[in-house]
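In what follows, a structure is listed as structure tokens, so that the remarks can point back to it.
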Amino acid sequence: MPMVEAVMSAAALDYAALDGVAATIGPGSFTGVRVGLAAARGLALAAGVPLVGVTTLETLATSVPAAEREGRTVLAVLDARRGQVYAQMFDADNEPLGPPEVTPPAAVVAWLRPCPVALVGSGAPLVAHLFADIGHPHFETSVAPYPDAAQVAARAAALVAAAGGFAALPRGPVAPLYLRGPGAGGLAETRS
Amino acid sequence: MIVLGIETSCDETAAAVVTDGREVRADLVLSQLDEHAPYGGVVPEIAARAHIDHLDGLIARAMDQAGLDFAALDGVAATAGPGLIGAVMVGLMTGKAIAAVHSLPLVALNHLEGHALSVRLVERVEFPYLLLLVSGGHCQLLIVEEVARYRRLGTTIDDAVGEAFDKAAKVLGLGYPGGPAIEQAARDGRADRFQLPRPLKGRAGCDFSFSGLKTALLHLVRAREQAKGGVLTAGERADLAAAFQGAVIDVLLDRTRNAIQLFRARQPRGDTLVVAGGVAANAALRARLQPLAEAGGLRLVVPPAALCTDNAAMIAWAGIERLQRGLSDGLDASPRARWPLDPEAEAPPGMGQPGRLGPKA
């Protein structure tokens with residue numbers, strides 16, 4: 001929260017000047033996602049403004065410069081530990097080609113299209129060698145491996161603009177996207 | 001002064017609005033009982049997920065019920081520990097956000113202080129007083145000297161008392177939460193049919209232990225089931241529940257008797273024994289504490305049940321008591337899984353190992 005205060009101060013804005021709040025909803029560390037989202041839901045509630053949730057994967061994919069996307073699909077991929085990755089494939093125009101998933105890296109090979117693939121995210125090294133093994137052309141983008149707050153705000157602003165304003169966005173609470181179950185008492189880790 | 005209280009330290013999501021005139025303008029609690037019941041205890045990740053799903057909506061309802069805008073508040077108090085860290089974070093972050101947006105003072109509150117001061121929201125109780133705090137996560141005897149000044153006389157060296165009830169109920173197949181289930185079953189039972197140990201009874205000091213008692217019950221039940229080649233009868237279940245509850249209360253009374261002596265010696269002005277926490281709802285415990293308190297020259301005060309189980313009204317009230325004394329916290333306040341009310345209290349015997357002490361200390 002001190003960082004939020006510092007950002008508002010650097011921007012010389014009151015909370016009342018905000019039109020909305022954006023936050024990542026995951027996938028990622030459960031606790032990390034909840035810390036950010038609890039703060040964002042609190043800010044939005046207290047300021048009386050809408051909250052826009054964006055996924056970490058779409059934020060990464062849409063942060064790839066157009067020149068690096070051109071003629072390729074974009075695979076956003078984060079290390080999910082336990083031998084898995086969080087991943088989602090997008091086309092050159094940022095349209096998702098499938099849902100975000102938690103999966104062993106090898107399964108991602110089946111998502112490849114006949115064009116080269118651009119990789120973004122901390123999980124890129126976990127899949128790059130698989131693509132090398134089968135000789136599929138791949139390319140690591142210049143984007144940093146984790147989303148930053150400016151990219152999150154930019155992605156949310158793009159979603160709002162595409163919808164035609166905040167009022168046109170879906171209503172209701174913005175929930176975390178875990179992709180994994182709570183893992184209680186030996187429960188199988190399944191998609192929730 | 002009007003304060004919003006937020007509580008998310010365990011398996012209740014709660015929000016309340018309270019005034020310094022002791023008026024509870026809103027007091028909402030969402031229990032996650034159904035979500036945890038299949039596991040016979042609280043699952044931390046399930047708790048954290050439920051808190052973030054419901055907390056902001058609950059706060060909005062509480063403010064609505066109080067008929068207030070956030071701008072009308074004089075402060076925000078949120079539980080910052082001890083408790084399940086992932087659960088605490090949700091409430092504390094939400095509280096910080098509300099405080100930041102409206103430039104309100106934040107109180108990052110110790111959940112145990114909420115329990116300790118809750119009685120003063122409903123009754124005129126002056127400092128100092130003796131507190132028996134008995135809940136699902138805690139079992140302690142404390143001298144409440146003043147707001148923010150506590151002396152711990154004893155604590156559990158293993159299970160909290162509510163946790164012991166939960167485990168015993170699981171062994172007896174009585175369901176969750178265990179406290180009310182055991183109390184209900186014990187009503188039809190005879191406490192003297194089965195013998196169970198009274199850990200630490202008769203020993204000096206005010207610490208508690210329930211782990212051996214729970215294990216003794218488990219052995220008794222297993223032996224009984226094997227001898228009969230099947231399940232317990234309803235009668236046996238009731239007698240075992242009564243024996244277990246009787247043993248727990250014997251231990252609580254024995255330790256409280258020692259604490260009363262210590263309290264009278266250290267605080268001759270003190271005249272009150274307060275019992276707080278969810279287990280304070282146990283009628284058999286209250287009935288047996290009454291004569292013990294009287295014999296020790298103290299009056300017994302038990303806040304209403306809704307203030308004893310986890311709630312946000314006690315958090316808001318403790319926030320008011322702190323703000324009235326000029327005490328507040330920065331937006332950098334950290335959530336704490338472990339947080340003894342008495343910073344000088346030593347770890348109880350047998351609990352030196354790092355990571356074992358848990359939120360109960």
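Letters A, B, ... mirror the listed sequences (proteins, then strands); counts begin at 1. Predicted model only: the values in this text are computed from it and were never measured.
The choice from B:I85, B:L55, B:V90 that makes the most heavy-atom pairs within less than 4.5 Å of chain A is B:V90. The candidate with the highest count of non-hydrogen atom pairs below 4.5 Å against chain B, out of A:P2, A:A46, A:G42, is A:A46. By number of non-hydrogen pairs under 4.5 angstrom with chain B, the leading residue of A:L43, A:L37, A:L45 is A:L45. Considering only heavy-atom pairs separated by less than 4.5 Å from chain A, the leading option among B:A100, B:A333, B:G330 is B:A100.
With A:F30 as the aromatic partner, A:R180 does not meet the cation-pi criteria of under 6.0 angstrom to the ring centre and within 45 degrees of the ring axis.
Ion pairing between a basic and an acidic side chain is recognised when a charged N comes within 4.0 Å of a carboxylate O; B:R49 and B:E35 show no such pairing.
Checking each of B:T13, B:T8, B:T94 against B:H51 for a side chain to side chain donor-acceptor pair (under 3.5 Å) leaves exactly one that passes, namely B:T13.
Under 3.5 Å, the side chains of A:Y146 and A:Q151 contain no donor-acceptor pair of N or O atoms.
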